[in-house]
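Encoded as structure tokens, the structure appears first; notes follow it.
Throughout, protein chains are lettered first and strands after them, A, B, ... in sequence-line order, and every chain is numbered starting at 1.
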Amino acid sequence: MLQLQFIKERTEEVIERLKIKNVADIEQRISEILKLDEQRRALQQQSDAVKAEQNTIAKEVGMLFKQGKRDEAEVLKARTAELKAKEKELGEQSSAIEEELNAQLISLPNAPHISVPKGKSEADNVVVDEFGQKPELFEGALPHWDLCAKYDIVDFELGNKITGAGFPVYKGKGARLQRALINFFLNEAANAGYIEIQPPLMVNEASGLGTGQLPDKEGQMYTIPLDGLYLIPTAEVPITNIYRNVLLQSSDVFPIKHVGYSECFRREAGSYGKDVRGLNRLHEFSKVEIVVVEHPDRSYDMLEEMKAHVGSLLQKLQLPYHILKLCGGDISFTSAMTFDFEVWSAAQQRWLEVSSVSNFETFQSNRMKLRFKDSDGRTKLAHTLNGSALALPRIMAALLENNQTENGIRIPAALVPYMGCETID
RNA sequence: GGAAAGUUGGCGGAGUGGUCGAACGCGGCGGUCUUGAAAACCGUUGACCUUCACGGGUCCGGGGGUUCGAAUCCCUCACUUUCCGCCA
């Protein structure tokens, strides 16, 4: 969530930036927040004064008892009864207002960076970079779901039987390709200085709140009510939450760069049609995620560095891609700036999103209380960023389709050492 | 799953109703001494809210309660350790 202090000090800017996200009635919502904050502070001052008097009396009572002046002590005790009643009343008012204030703050999305383009939907996203050539496929080329069946490498029917739709079974060289991609992505990240993390695949409620999946996207996560746990929708959640309630003792630790592979679980309620065909959208999929904690002054440089890393992976896999700068209407609730990477799926003749790289500025760190001591001695909120590097199924879909030949599917050179073969046939 | 004991500041560890935001040690920072360093000695050293400021308030695992007053007593939850059970 946005920092109250930031809203107070730079009200106009916050409103302008939130307008990029098309937040309705934003002026009203902000002024309501500022009003609640004023009320809260006034109440707290009153309540603090009452508590101060109570503390003084309590000390006096103690001394009087020691001196044996019981009668005088009793008089003071009577006074505290009044104070207690008053404090209780003030406390109730104050916590009601605080609750309301908190609810309003937490329901307010992150303010997009001022350079984020305005727009209503994905149609308004801006292509900022392109790489590679769309391949010309031969006559009779197949979409990846047919290739999966032809070479018996991904079995959707078997997944339906064992679990349900969206839980495919990878077999033979299909399973091998998954493992190759995971290792390739992890090694590339390690070479780029990311420290590998293998996180739990289930998280508690506090972690869900920390990165913003809760309460916003509760319906998108699989839950285990009996134990109060959630299956992670991305490794971002457990990895970023490593730093929940952490006060870093120096700014020398930046940047903190992590990479983690995990299975990701998403209910994807409401999805249908061509979007969920084959590997396009699954309930369980593998993803390698990069997560960075960075100094506020350098987070946008880091965003560029992460973009470059993701781009290098796609180039090594020889997949044609473009980069979109998401517009205000398409950017996520928690993000200040997001770039989407889409690869060309030659048989489907469509772009598939394979990575989303975002800077959250202090939105997550404010919720998580992720702070650091800056060189000026002040305690500040760190910036968090993350990106997919990369999500497997759509990479696999594009690889299969783009590299198909009459004699099988060609494995890109960078993956051959991991696959142990040059073709799937 | 059953039983017991625990959870205190960056770390270790005192503290069973008031003078405790908390002894003491280590670590960190500043200084004296030294050509420099070490040792020794002296000083200093948590976070948060609020106030222009002085100041005030909150925090001893989380939440609730008893009391004029809670790190200390009670309830509850979480976690840790040990024993038993189960087990990749």
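Going from the P atom of B/G13 to that of B/G6 covers 14 Å, rounded to whole Å. With P as the reference atom, B/C11 and B/C84 are 32 Å apart, rounded to whole Å. Comparing the same atom, P, in B/G43 and in B/C24 gives a spacing of 11 Å after rounding to whole Å. Straight-line distance between the P atoms of B/A70 and B/U45: roughly 26 Å, to the nearest whole Å. Between B/A40 and B/C49, the two C1' atoms lie 43 Å apart (nearest whole Å). The gap from the P atom of B/U34 to that of B/G25 amounts to 27 Å, rounded to the nearest Å. For the P atom pair drawn from B/C79 and B/G62, the interatomic distance equals 15 Å after rounding to whole Å. B/A3 and B/G12 are spaced 29 Å apart, taking the P atom of each and rounding to whole Å.
If you check every strand for non-hydrogen atoms under 4.0 Å, A/Arg371 touches sugar and phosphate atoms only. Within 4.0 Å (heavy atoms only), A/Arg70 reaches no atom of the nucleic acid at all.
Along RNA chain B, the nucleotide nearest A/Lys8 and the nucleotide nearest A/Gln54 are compared for position; the residue whose nucleotide lies closer to the 5' end is A/Lys8. Nearest-nucleotide positions on RNA chain B place A/Leu247 closer to the 5' end than the other of A/Leu247 and A/Leu4.
As a whole-Å value, the separation of A/Asn204 CG from B/G62 P is 16 Å. Taking atom CD1 of A/Ile97 as the reference point, atom P of B/U50 lies 15 Å away to the nearest angstrom. We find that CD of A/Gln46 is positioned 14 Å from P of B/U51, with the value rounded to whole Å. As rounded to whole Å, 17 Å separates atom C1' of B/A47 from atom NZ of A/Lys380. If you measure from atom CD of A/Glu98 to atom C1' of B/C48, you get 12 Å, rounded to the nearest angstrom. For the pair A/Lys51 NZ and B/G56 C1', the interatomic distance rounds to 11 Å; values are reported in whole Å. Taking atom CD on A/Gln249 and atom C1' on B/C11, their separation rounds to 12 Å, with Å as the unit. In this entry the distance linking CG of A/Asp48 with P of B/C59 reads 11 Å, nearest Å.
Salt-bridge check for A/Lys257 with A/Glu305: passed, with a basic side-chain N closer than 4.0 Å to an acidic carboxylate O. For the pair A/Asp301 and A/Arg298, the salt-bridge criterion is not met [side-chain N within less than 4.0 Å of a carboxylate O]. Looking at A/Asp124 and A/Lys118, no side-chain N of the basic residue comes within less than 4.0 Å of a carboxylate O on the acidic one, giving no salt bridge.
Pairing partner, B/G1: B/C84, with both Watson-Crick or wobble hydrogen-bond distances short of 3.5 Å. Searching all strands for a Watson-Crick or G-U wobble partner of B/A40 with both distances below 3.5 Å returns B/U32. Taking a pair to require two hydrogen-bonding distances under 3.5 Å in either a Watson-Crick or a G-U wobble arrangement, B/G6 pairs with B/C79. Across all strands shown, B/C73 forms a Watson-Crick or G-U wobble pair with B/G65, both key distances being under 3.5 Å. Base pairing of B/G27 is made with B/U45, judged by Watson-Crick or G-U wobble geometry with both donor-acceptor distances under 3.5 Å.
Contact check, A/Lys373 against B/A47: a side-chain N or O comes under 4.0 Å of OP1 or OP2. Taking only side-chain nitrogens and oxygens, A/Asn55 comes nearer than 4.0 Å to OP1 or OP2 of B/G57. Within the 4.0 Å cut-off from OP1 or OP2 of B/C49, not a single side-chain nitrogen or oxygen of A/Arg41 is found. Not one side-chain nitrogen or oxygen of A/Lys77 sits closer than 4.0 Å to the OP1 or OP2 atom of B/G69.
Nearest nucleotide to the A/Gln45 side chain, out of B/G57, B/U50, B/U67: B/U50. Closest to the side chain of A/Thr379, out of B/G56, B/A47, B/U50, is B/A47. When the nucleotides B/U67, B/G18, B/C49 are ranked by their closest atom to the side chain of A/Lys84, B/U67 comes out on top.
The salt bridge (charged side-chain N to carboxylate O under 4.0 Å, His left out) test with A/Glu82 is passed by exactly one of A/Lys86, A/Arg79, A/Lys84: A/Arg79.
Under the 30°/60° scheme for interplanar angles, the aromatic rings of A/His309 and A/Tyr194 are found to be tilted.
In this structure, A/Lys21 contributes its side chain and A/Ser332 its backbone to a donor-acceptor pair below 3.5 Å. Looking at A/Asn359, its side chain never comes within 3.5 Å of a backbone N or O of A/Met337 through a donor-acceptor pair.
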